[in-house]
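A short worksheet on the structure shown next.
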Protein chains: 2
Amino acid sequence: MLPIIPVGDRLRIMLNGEIREIRAVWFEDGMVKLIDQRKLPANIEIFEARDYQKVAYAIKEMVVRGAPAIGITAAYGMAQAWLQKRDIDKVYQTLQNTRPTAHDLFYALNLMKRGIENGKDAVKLAENYANDIIERCRKIGEYGERLIPNNSRILTHCNAGALAVGDWGTATAPIRMAHRHGKKIFVWVDETRPRLQGARLTAWEMVQEGIEHAIIADNAAGFFMRKSEIDMVIVGADRIASNGDVANKIGTYEKAVVAHENGIPFYVAAPISTFDFSLKSGDEIPIEERREEEVLFCRDCRIAPQESHARNPAFDITPAKYITGIITEMGVFKPDGISKLRR
Amino acid sequence: MLPIIPVGDRLRIMLNGEIREIRAVWFEDGMVKLIDQRKLPANIEIFEARDYQKVAYAIKEMVVRGAPAIGITAAYGMAQAWLQKRDIDKVYQTLQNTRPTAHDLFYALNLMKRGIENGKDAVKLAENYANDIIERCRKIGEYGERLIPNNSRILTHCNAGALAVGDWGTATAPIRMAHRHGKKIFVWVDETRPRLQGARLTAWEMVQEGIEHAIIADNAAGFFMRKSEIDMVIVGADRIASNGDVANKIGTYEKAVVAHENGIPFYVAAPISTFDFSLKSGDEIPIEERREEEVLFCRDCRIAPQESHARNPAFDITPAKYITGIITEMGVFKPDGISKLRR
């Protein structure tokens with residue numbers, strides 16, 4: 001494994017003998033480059049997408065995941081296609097058809113398409129988009145940190161960290177900020193089957209940042225809530241409807257219901273690009289169902305009988321009533337108060 | 001993999017070139033023999049315990065698991081020690097210290113110790129105990145089946161099946177009975193991290209029995225509850241306190257809360273040996289915390305960073321208020337009505 005030293009807001013890693021400070025996604029030498037999140041934490045490999053088909057593959061196969069990072073990847077993919085003088089409508093279509101749930105994907109694609117149609121420099125546009133989202137996540141950190149008292153024990157689900165954004169993270173931004181400001185915090189990391197983004201990615205980020213944490217099976221969060229060992233929950237979001245219903249990684253709904261039952265504050269952290277005001281409620285959000293092998297196997301090992309099948313919804317909807325607040329770059333809102341964020 | 005043909009109430013498997021009908025645990029040639037549940041579903045291997053230390057190992061390391069099967073194994077272990085003229089108090093102590101949560105273990109050990117002290121034939125006593133528990137589970141099946149309408153979609157957590165009992169199962173007894181009586185049923189199988197008893201064992205039993213089923217990540221049950229694709233939940237129990245609080249596999253509590261929130265009946269199936277009337281409430285039940293490697297690894301593959309740690313409670317407590325009914329060999333009881341089962 002390559003040595004990693006966290007520095008400032010970026011990851012500093014040894015790459016081909018050279019120390020580099022990188023984000024989870026960036027654009028370089030005409031290529032969209034990504035930390036291959038399928039390989040973490042055992043290996044740090046950079047995936048290089050040379051064209052929009054490779055970019056589509058990276059999104060679909062979860063080389064990159066996390067709503068904001070998917071949006072940034074799509075923006076760079078559009079910029080690359082613009083440089084390569086591709087048919088922009090076709091590229092737009094291809095990237096749009098990769099994953100259905102995260103709103104940032106469509107948000108970024110529309111923004112890029114409009115910009116290109118208006119004759120803008122698409123590379124600059126994508127770079128600005130990435131910087132803008134990351135700056136918004138930093139602000140999420142500032143607003144969110146105020147909700148975290150010293151000595152807090154925070155549960156998070158899946159990975160809504162720097163890897164899911166490019167930098168800072170959404171759910172992890174307040175956590176990082178609190179840690180950097182010297183607050184003592186402890187993070188409970190749901191392992192997040194089937195893809196284990198918690199155990200593999202969030203735990204990895206916590207290690208890089210030096211934040212005390214423990215991984216738990218997804219089954220165990222309720223146990224620790226009931227024992228008053230979890231003070232608050234912060235998760236990310238893939239799409240938020242007008243009424244404050246939130247689509248996020250499968251299992252989020254269960255955590256929210258059990259937190260509510262135990263009187264534990266449940267926060268969602270997300271930039272404005274996650275909000276879809278065209279949808280009245282979460283029931284209108286399309287939920288991706290991924291292939292059954294993700295459940296039937298754990299990493300490379302088949303865990304189920306050959307004859308058995310699985311169902312594999314990748315996200316669920318958490319109704320607004322279970323959500324204490326939504327932490328955005330414009331402040332913290334009650335779910336029923338987000339309509340003022342409409343632009 | 002050896003060929004398996006389900007027959008009657010037992011598993012018929014090819015063993016050393018011979019077709020055998022077996023239970024999950026039995027006593028033969030002076031040895032306690034067990035289907036090694038760590039190896040399923042990929043391999044069917046028989047674990048042979050030659051003495052009480054091996055029996056203790058089998059319980060501790062989960063060669064056998066499931067409250068009733070642990071009880072039966074301990075009973076055979078005592079019978080074996082009696083045959084081998086061991087120090088019964090020492091054997092009792094050793095077996096008692098294997099796992100703290102399941103009540104059947106202590107129930108069986110006390111019953112055997114008393115019997116041996118009263119000069120009974122311990123082998124017959126253990127055999128009767130095993131037959132008795134299995135017959136009780138068959139009755140659980142009869143009572144429980146009445147709760148299952150045709151076309152039911154039933155969620156179960158962990159493995160409270162034939163492997164967890166010896167035969168029939170607790171939670172699966174009503175399911176088997178309904179299936180054999182020609183009802184159309186569908187079983188949602190929680191994979192049940194960290195030990196994957198659902199994906200590995202319950203799914204395997206469903207395959208043997210020809211019952212339609214789908215494995216889901218533990219995170220996904222809430223999603224299907226909210227979509228009205230789960231009609232009822234049936235789980236087993238490791239210990240039940242006087243007030244109807246239930247200790248069962250980690251994650252049971254979350255399922256119960258979310259089922260309650262969605263108005264879905266939540267049943268616990270357990271023989272009387274599971275009840276511990278010496279405890280006022282579930283908060284008095286000792287919860288085993290197992291080693292962190294069970295969470296940090298999935299089968300043989302490390303899924304977490306080398307630097308990360310995990311917490312691993314093996315059970316949780318589901319308060320009585322979330323439980324619709326407890327299915328026993330004496331009928332179905334409201335959790336607050338179980339005191340009449342006291343003997």
Side-chain angles (χ1 to χ4, degrees), chain A residues 1 40-42 157 188-194 196 199-200 203-204 206-207 213-226 249-255 257-258 260-262 287 292 294-296 298-313 315-317 319, chain B residues 1 40-42 157 188-194 196 199-200 203-204 206-207 213-226 249-255 257-258 260-262 287 292 294-296 298-313 315-317 319:
Chain A
M1 184 159 158
L40 290 171
H157 189 69
W188 293 102
V189 179
D190 274 346
E191 65 171 3
T192 319
R193 277 280 290 156
L196 298 165
R200 296 193 299 110
W204 184 77
M206 295 298 110
V207 169
H213 65 286
I215 301 167
I216 52 174
D218 300 306
N219 282 322
F223 173 85
F224 289 109
M225 285 185 191
R226 205 170 156 264
K249 179 54 53 197
I250 191 77
T252 303
Y253 167 61
E254 291 192 23
K255 305 307 158 198
V257 170
V258 181
H260 188 259
E261 192 75 4
N262 285 278
I287 299 293
E292 66 174 0
E294 293 186 352
V295 176
L296 298 173
C298 191
R299 304 298 272 158
D300 293 330
C301 172
R302 187 169 179 111
I303 57 173
Q306 294 297 335
E307 302 85 347
S308 291
H309 291 283
R311 291 286 302 275
N312 185 21
F315 304 94
D316 59 24
I317 305 298
Chain B
M1 183 156 158
L40 289 171
H157 190 68
W188 293 101
V189 178
D190 274 347
E191 66 171 2
T192 319
R193 277 282 289 155
L196 297 165
R200 295 193 300 110
W204 183 77
M206 295 298 111
V207 169
H213 65 285
I215 300 166
I216 52 175
D218 300 306
N219 282 321
F223 173 85
F224 289 110
M225 285 185 192
R226 207 170 154 262
K249 179 52 52 198
I250 191 76
T252 303
Y253 167 61
E254 291 193 22
K255 305 309 157 195
V257 170
V258 181
H260 188 259
E261 192 75 4
N262 285 277
I287 298 293
E292 65 174 1
E294 293 186 350
V295 176
L296 299 172
C298 190
R299 305 299 271 157
D300 293 330
C301 171
R302 188 172 178 108
I303 56 173
Q306 294 297 334
E307 301 86 347
S308 291
H309 291 283
R311 289 286 301 276
N312 185 22
F315 304 94
D316 59 25
I317 304 297

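Note that the coordinates shown come from a computational prediction; the quantities given were computed from them, not determined experimentally. Order of the sequence lines fixes the chain letters, A, B, ..., with proteins taken first and strands second; residue numbering starts at 1 for each chain.
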Of all the heavy-atom pairs spanning [X] and [Y], show the shortest one and how long it is.
X	Y	result
B:A304	A:P41	C-CG, 3.8 Å
B:S308	A:H213	OG-NE2, 2.7 Å
B:A214	A:R311	CB-CG, 4.1 Å

Flag side-chain contact, heavy atom, 4.5 Å: [X] against [Y]:
X	Y	result
B:L296	A:I215	yes
B:R226	A:D316	no
B:M225	A:Y253	no

Between [options], which residue shows the highest count of heavy-atom pairs closer than 4.5 Å to chain A?
options	answer
B:H157, B:Q306, B:K249	B:H157
B:K255, B:R302, B:M206	B:K255
B:I216, B:I303, B:I317	B:I303

Who wins among [options] for the most heavy-atom pairs under 4.5 Å with chain B?
options	answer
A:A221, A:C301, A:A203	A:A203
A:D190, A:D218, A:V189	A:D218
A:V295, A:D300, A:T192	A:V295
A:P305, A:G222, A:A220	A:P305

Identify which part of B:R299 has an atom lying under 4.5 Å from any heavy atom of chain A, answering side chain, backbone, both or neither.
->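 Contact with chain A: side chain only.
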Residue B:L196 versus chain A: region with a heavy atom under 4.5 Å |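 For B:L196, the side chain is the part near chain A, not the backbone.
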Those residues that, when tested against B:A217, pass side chain to side chain contact (heavy atoms under 4.5 Å, CB included) (two or more places apart) |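 Partners of B:A217 by the side chain to side chain contact (heavy atoms under 4.5 Å, CB included) criterion, ordered by chain and then number, come out as A:R193, A:P194, B:E191.
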Please name all residues satisfying side chain to side chain contact (heavy atoms under 4.5 Å, CB included) with B:E261, sequence neighbours left out, ordered by chain then number.
->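 A:V257, A:E261, A:K321, A:Y322.
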State the CD-CZ distance between A:E254 and B:F223, to the nearest 0.5 angstrom.
->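 Spacing of CD (A:E254) from CZ (B:F223) equals 12.0 Å.
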Any chance you could measure B:N312, atom CG, to A:N219, atom CG, to the nearest 0.5 Å?
->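 Going from the CG atom of B:N312 to the CG atom of A:N219 covers 10.5 Å.
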Residue A:F315 versus chain B: region with a heavy atom under 4.5 Å |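 Only the backbone of A:F315 comes within 4.5 Å of chain B.
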A:L40, part contacting chain B, at a heavy-atom distance under 4.5 Å |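 Nothing of A:L40, per the 4.5 Å heavy-atom cut-off to chain B.
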